[in-house]
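The sequence lines fix the lettering, A, B, ..., with proteins before strands; numbering per chain opens at 1.
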2 protein chains.
Amino acid sequence: MELQLVNERRRGPYAAKRLTEFAARCRRGGLAVTPQRLAIIEALLGSGEHPRADAIFAAVRMQHPHISLATVHRTLDTLCDIGEARKVTTLHDSARYDGNITPHHHVVCVKCRRIRDIEIPRLDRLLAGQSELGEFTVLGSSLEIHALCEDCGAKRAGANRTMKARR
Amino acid sequence: MELQLVNERRRGPYAAKRLTEFAARCRRGGLAVTPQRLAIIEALLGSGEHPRADAIFAAVRMQHPHISLATVHRTLDTLCDIGEARKVTTLHDSARYDGNITPHHHVVCVKCRRIRDIEIPRLDRLLAGQSELGEFTVLGSSLEIHALCEDCGAKRAGANRTMKARR
DNA sequence: TAACCAGATGATAGTAATTATCATCTAGGT
DNA sequence: ACCTAGATGATAATTACTATCATCTGGTTA
Ligand SMILES: [Mn+2]
Ligand SMILES: [Mn+2]
Ligand SMILES: [Zn+2]
Ligand SMILES: [Zn+2]
C-alpha cells in the first residue's frame, strides 16, 4: 500500500510531546507563554479535524470564556509563523481560476502568489488506479509546490513585491 | 527531468480549440450561450495567471463595460460546475489549521470538507532533492487528494450533509 | 518583591471577497 | 414575432478576517 491514511491513535502521544516542548519553543521564538496561547495550541493539537479559527475559538472558550476571536486568529497566525502550526489552505484568501482543464499541478510563489502549471507524469502514474483511500473514494488530486519565484527569491527580503501585504 | 513547468506557448492553440467547442459544451450543459459567458471563458483561457474574479472582471470590462462583477463570480462558478474551468483554490473559503507539523499530505472530501492526513513516502522521495523548478526555488509541497468521504459518498445525492450549502 | 514595559489581549470598527435578492432582460425554442 | 426559463445588473447582505487602540500582563530587572 503506497498511500496511507495516518492512524488517529498516533495523535495522542504526538500532541503530548509537542505540548511539553511548547513553552520552550515559544521563548525560542521570542514569544510570551500566555494562557491563551497554551489553550489554543492544546486545542489545535487535540484535533484531527484541521479546524477553522471559529472551531478553535469554541473549544478554547470553554476554559477561557473571556478569550477574543481576534486573539484566536492572531495566535493561529503566530503559531504558523514560528513553525508550531501550519495553514492547510495556503491560498485561501481568494479564489483562483484555471481555464486549463487537462490534469496538471502547480507551483505557487509563497510571496507574490504567482501560480504556474507543472506536469509530473510520475506522480500521475503513482496515483492512477488509486480509487479508494480508507473510507474515501478518490476523485482526483492536485499537488501544490510551494516556492519562491525569481522576482521574490533573488532580491533581499524587504523591497519585494509581496501580495500578502495587500490584505 | 521529472517535474516540468508547462510551456506557455501551448496555451494559444489550446485556448483556440476550447473556444470553438465552447458553445456546444454550454448547450450540452443546458446553458445559454451569452456574450458574457463567451467573454469570460475567453479571458480565462487567454490567461496563464490563474486569475481571480476581479482580474477577469477587469479584462472583460474592456469589451463589455456594462458587465457586473456578480456575473463574473457566478459565471466562473458555473464554468467549474460544467467542467469548463477549475478552481485552483479548492479550500479557499476559510483558513484551516493543522497542529501536525510533520510532513504529510491530505485527503479532502469535496462535499463536507472533512480533511484527513495521509502519508505518501514515495511522493516525498520523488520530490526530495528537487530544489529548483524553472525560475522557482522549491520550499515544500503538499498533495491534496479530492475525494468523497464515507458519509457523503455512500448516500444518494440530496440528503447529504454538505458543508458547501452553508454559504 | 516591586516596578517596569514590550508585547499580548479584548472589544470593536473596518475591509474585502463572495453570495443573496430581485427587478429587468434575453437566448433560444415555438 | 412571441414566450418563458434562465441570465444579468444593481445593490444589499454576509462572512471571514484584519486593524485599531485602550488596557493588561509575562517576564525581566533593580
Ligand atoms: Mn493550472
Ligand atoms: Mn494534516
Ligand atoms: Zn513571487
Ligand atoms: Zn464528506
Using whole Å, report how far [atom1] of [X] lies from [atom2] of [N].
X	N	atom1	atom2	answer
A:Leu31	D:dT25	CG	P	19 Å
A:Gln36	C:dA11	CD	C1'	14 Å
B:His66	D:dA10	NE2	P	8 Å
B:Ile67	D:dA7	CD1	C1'	11 Å
B:Arg61	D:dG9	CZ	P	11 Å
A:Arg27	C:dG7	CZ	C1'	15 Å
A:Asp81	D:dT18	CG	P	11 Å
A:Ile41	C:dA8	CD1	C1'	17 Å

Test item: side-chain donor near acceptor, [X] and [Y], under 3.5 Å:
X	Y	answer
A:His106	A:Asp117	yes
B:Asn100	A:His50	no
A:Glu144	A:Thr90	yes

Item checked: Nearest-nucleotide comparison on DNA chain D, the residue closer to the 5′ end among B:Ala70 and A:Pro35 ->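 The 5'-side residue here is B:Ala70.
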Notebook entry, point to check: Quick one: do A:Glu49 and B:Arg96 make a salt bridge, cutoff under 4.0 Å?
Noted result: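 Answer for the salt bridge query: no.
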State whether [X] places a side-chain N or O below 4.0 Å from either non-bridging phosphate oxygen (OP1 or OP2) of [N].
X	N	answer
A:Thr71	C:dA8	no
A:His92	D:dC17	yes
A:Ser94	C:dT18	no
A:Ser68	C:dA11	no

Notebook entry, point to check: Within the side chain of A:Gln4, is there an N or O that forms a donor-acceptor pair under 3.5 Å with the backbone of A:Val6?
Noted result: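 It does not hold such a pair.
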Checklist line | Comparing B:Val33 and B:His73 on DNA chain C - which has the more 5′ nearest nucleotide | finding: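 It is B:His73, whose closest nucleotide lies nearer the 5' terminus.
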Note to self: So, under a plain 3.5 Å distance rule, would you say the side chain of B:Arg74 forms a donor-acceptor pair with the base of D:dG6?
What the structure shows: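 Between D:dG6 and B:Arg74, which were checked side chain against base, a qualifying N/O pair under 3.5 Å is absent.
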Notebook entry, point to check: Heavy atoms under 4.0 Å, any strand shown: does B:Arg37 hit a base, just sugar-phosphate, or nothing?
Noted result: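 The answer is sugar-phosphate, as B:Arg37 gets under 4.0 Å only of primed atoms, P, OP1 or OP2.
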Check: How is B:Ala32 classified with respect to the nucleic acid when contacts are heavy atoms under 4.0 Å: base, sugar-phosphate, or nothing?
Finding: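 Result for B:Ala32 = sugar-phosphate.
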